[in-house]
Number of protein chains: 2
Amino acid sequence: MDAIHIRIGHNLQRVRKQRQLSLDKVADLTGVSKGMLHQIERGDTQPTVTTVWKIATGLHISFSALIKYDESTIAIVNPKEVPDITEDNGNCLVYLLFPFNPQTQIEIFTIVLKPKGNYVSTPHNEGVQEYITVVKGEFKIRVRDDEYTLPTGGAIQFEGNVTHKYMNDTDEDVTLQVVMHYPE
Amino acid sequence: MDAIHIRIGHNLQRVRKQRQLSLDKVADLTGVSKGMLHQIERGDTQPTVTTVWKIATGLHISFSALIKYDESTIAIVNPKEVPDITEDNGNCLVYLLFPFNPQTQIEIFTIVLKPKGNYVSTPHNEGVQEYITVVKGEFKIRVRDDEYTLPTGGAIQFEGNVTHKYMNDTDEDVTLQVVMHYPE
DNA sequence: CCCTTCCGTTTAGTATATTATACAAAAATA
DNA sequence: TATTTTTGTATAATATACTAAACGGAAGGG
């Protein structure tokens, strides 16, 4: 996914071309200088929110229409390049596949629990949904005061605003696929 | 309605207070400096889209959540202060009550047609909906090739992407209430 | 009490967003 | 063809977003 100012540039140019408007005309409609519009379209600058707002207003389009990106574009993640965060002294590895995206409100990562590895999560905010799929191994989880044991292929979903603990009581690695969905 | 950077400031501070986070903590989460966050909350600055994006990402909230404004706030329009645009040599007066708002995608204005006044509108873009209510007088309108005559209290709705003409064939003023809704 | 830590605020320096002006090529007009 | 407009681009000057650092006050902790 492109950076936000790149998307804005593309969206702006697309709308402008669609309506067959010149930079001068758009400058006139929006009150943003022609030069600035040019730089925004080229992605040479990171416009101010007020500038983007003026463009949205002048062109009669929503803010979202300017910051949205084409869903059909494909994001490929190379396993080698995924940043990993270590917890519990190396007994819990977290690979952030897709960092939180304000567009979709979703965040996806893989967790590897080494034998006897633990991970305690502090409660998230109200309305956060957590979806866990066990990719490999036998997974034990405690949500609030209840414990569940899930085999490979098992899955669990719960509201994340309560303390929960991931556990691996076995002698083999446990791999999890975690999807977080944030409200609003 | 407040300017966008003011709303962002309020929304940011509200979320931060709700979650009981310090500026330092938010700076840590978002990668935006503490000083900048402070200025944004106070409305002293107009942040860059990338900065706002970083905040949305770090706090796991949507962009819209940051730019939205409390609907319960009231906007009062003083008739004396409404800007008016004159068309057709003063025979058509347009009063923009609520300029286009990217949030609601709506625009509202009042039109006064003097006796024998005309107003020809060039087609808008695809999907634009136009809602007209006749507040006073007898109103004639041509949409594409059809003509309609509406009495006081009458109303009409049509897709604005076609040429249409407002007419006042009477000897009295005609007052219209026009709501434009833009798609997306 | 002093010392530390954490909080919001301020400030000074720098990076850069934005504008106004100028430019060259293309399109239109005559 | 010569002339004028219109197009996107480039540049220089200015306004301002952003950071890092320091500040003073409040809240513990010994």
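Letters A, B, ... mirror the listed sequences (proteins, then strands); counts begin at 1.
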| For the helix from C:dC1-D:dG30 to C:dA30-D:dT1, what is the angle between the axes at its two ends, each from 5 pairs, rounded to 10°? | 20°
| field | Length of the CD-C1' vector between B:E41 and C:dT9, whole Å | value | 12 Å
| Residues in side chain to side chain contact (heavy atoms under 4.5 Å, CB included) with B:S33, at least two apart? | B:M36
| query | Under 4.0 Å between a side-chain N/O of B:R16 and OP1 or OP2 of C:dC7, yes or no? | reply | no
| request: Please answer whether the main-chain N or O of B:V15 pairs with a side-chain N or O of B:N11 as donor and acceptor at a distance below 3.5 Å. | output: no
| request: Report the distance from atom NZ of B:K25 to atom P of C:dT5, rounded to the nearest whole Å. | output: 18 Å
Atom pairs, protein N/O to nucleotides 3-5 of chain D N/O, distance under 3.5 Å:
none

| message | Nearest whole Å is fine: how far is C:dA27 P from A:Q20 CD? | response | 15 Å
| task | Only counting residues at least two apart or in another chain, list the ones meeting side-chain hydrogen bond (donor to acceptor under 3.5 Å, both in side chains) with A:K114. | result | A:D173
Would you tabulate the side-chain donor-acceptor contacts of residues 138-152 of chain A under 3.5 Å, counting partners in other chains and residues two or more places apart, or write 'none'?
{"residue": "A:K140", "atom": "NZ", "partner": "A:D169", "partner atom": "OD2", "Å": "2.5"}
{"residue": "A:R142", "atom": "NH1", "partner": "A:E147", "partner atom": "OE2", "Å": "3.3"}
{"residue": "A:T152", "atom": "OG1", "partner": "A:G137", "partner atom": "N", "Å": "3.0"}
{"residue": "A:T152", "atom": "OG1", "partner": "A:G137", "partner atom": "O", "Å": "3.1"}

| task | Using the ring-ring contact (aromatic ring centres under 6.0 Å, His included) rule, collect all pairs that involve residues 5-46 of chain A, keeping only residues at least two apart or in two chains. | result | none
| said: Under a 3.5 Å distance rule, please check whether B:R7 uses its side chain to pair with a backbone N or O of B:I67 as donor and acceptor. | reply: yes
| Got a sec, which residues hit side-chain hydrogen bond (donor to acceptor under 3.5 Å, both in side chains) with B:Q13, two or more places apart in sequence or on another chain? | B:E41
| query | CG of A:D24 versus P of D:dT9: gap in Å, rounded? | reply | 12 Å
Enumerate, atom names and distances included, each donor-acceptor pair closer than 3.5 Å involving a side-chain atom of residues 43-55 of chain A, sequence neighbours excluded.
{"residue": "A:Q46", "atom": "OE1", "partner": "B:T50", "partner atom": "OG1", "Å": "3.0"}
{"residue": "A:T50", "atom": "OG1", "partner": "B:Q46", "partner atom": "OE1", "Å": "3.0"}

| query | Between A:H5 (NE2) and C:dT16 (P), how many Å, whole number? | reply | 11 Å
| field | Under 4.0 angstrom between A:H38 side-chain N/O and D:dT9 OP1 or OP2 | value | yes
| Closest to the B:S22 side chain: D:dG8, D:dT7, C:dG8? | C:dG8
| request: Mind checking side-chain hydrogen bond (donor to acceptor under 3.5 Å, both in side chains) for A:D2 and listing every partner two or more places apart, or none if nothing turns up? | output: none
| query | How many Å lie between CZ on A:R42 and C1' on D:dT9, as a whole number? | reply | 8 Å
| said: Does anything in residues 22-40 of chain A form a salt bridge (charged side-chain N to carboxylate O under 4.0 Å, His left out)? List the pairs, not counting sequence neighbours. | reply: A:D24-A:K34
| Pairing residues for A:Q157 by the side chain to side chain contact (heavy atoms under 4.5 Å, CB included) criterion, not counting sequence neighbours | A:Q129, A:Y131
| task | Would you kindly give the CG-to-P distance between B:L23 and C:dG8, to the nearest whole Å? | result | 4 Å
| Base, backbone or nothing for each nucleotide of nucleotides 12-23 of chain D, written B, S, -, heavy atoms under 4.0 angstrom, 5' to 3'? | -----SBB----
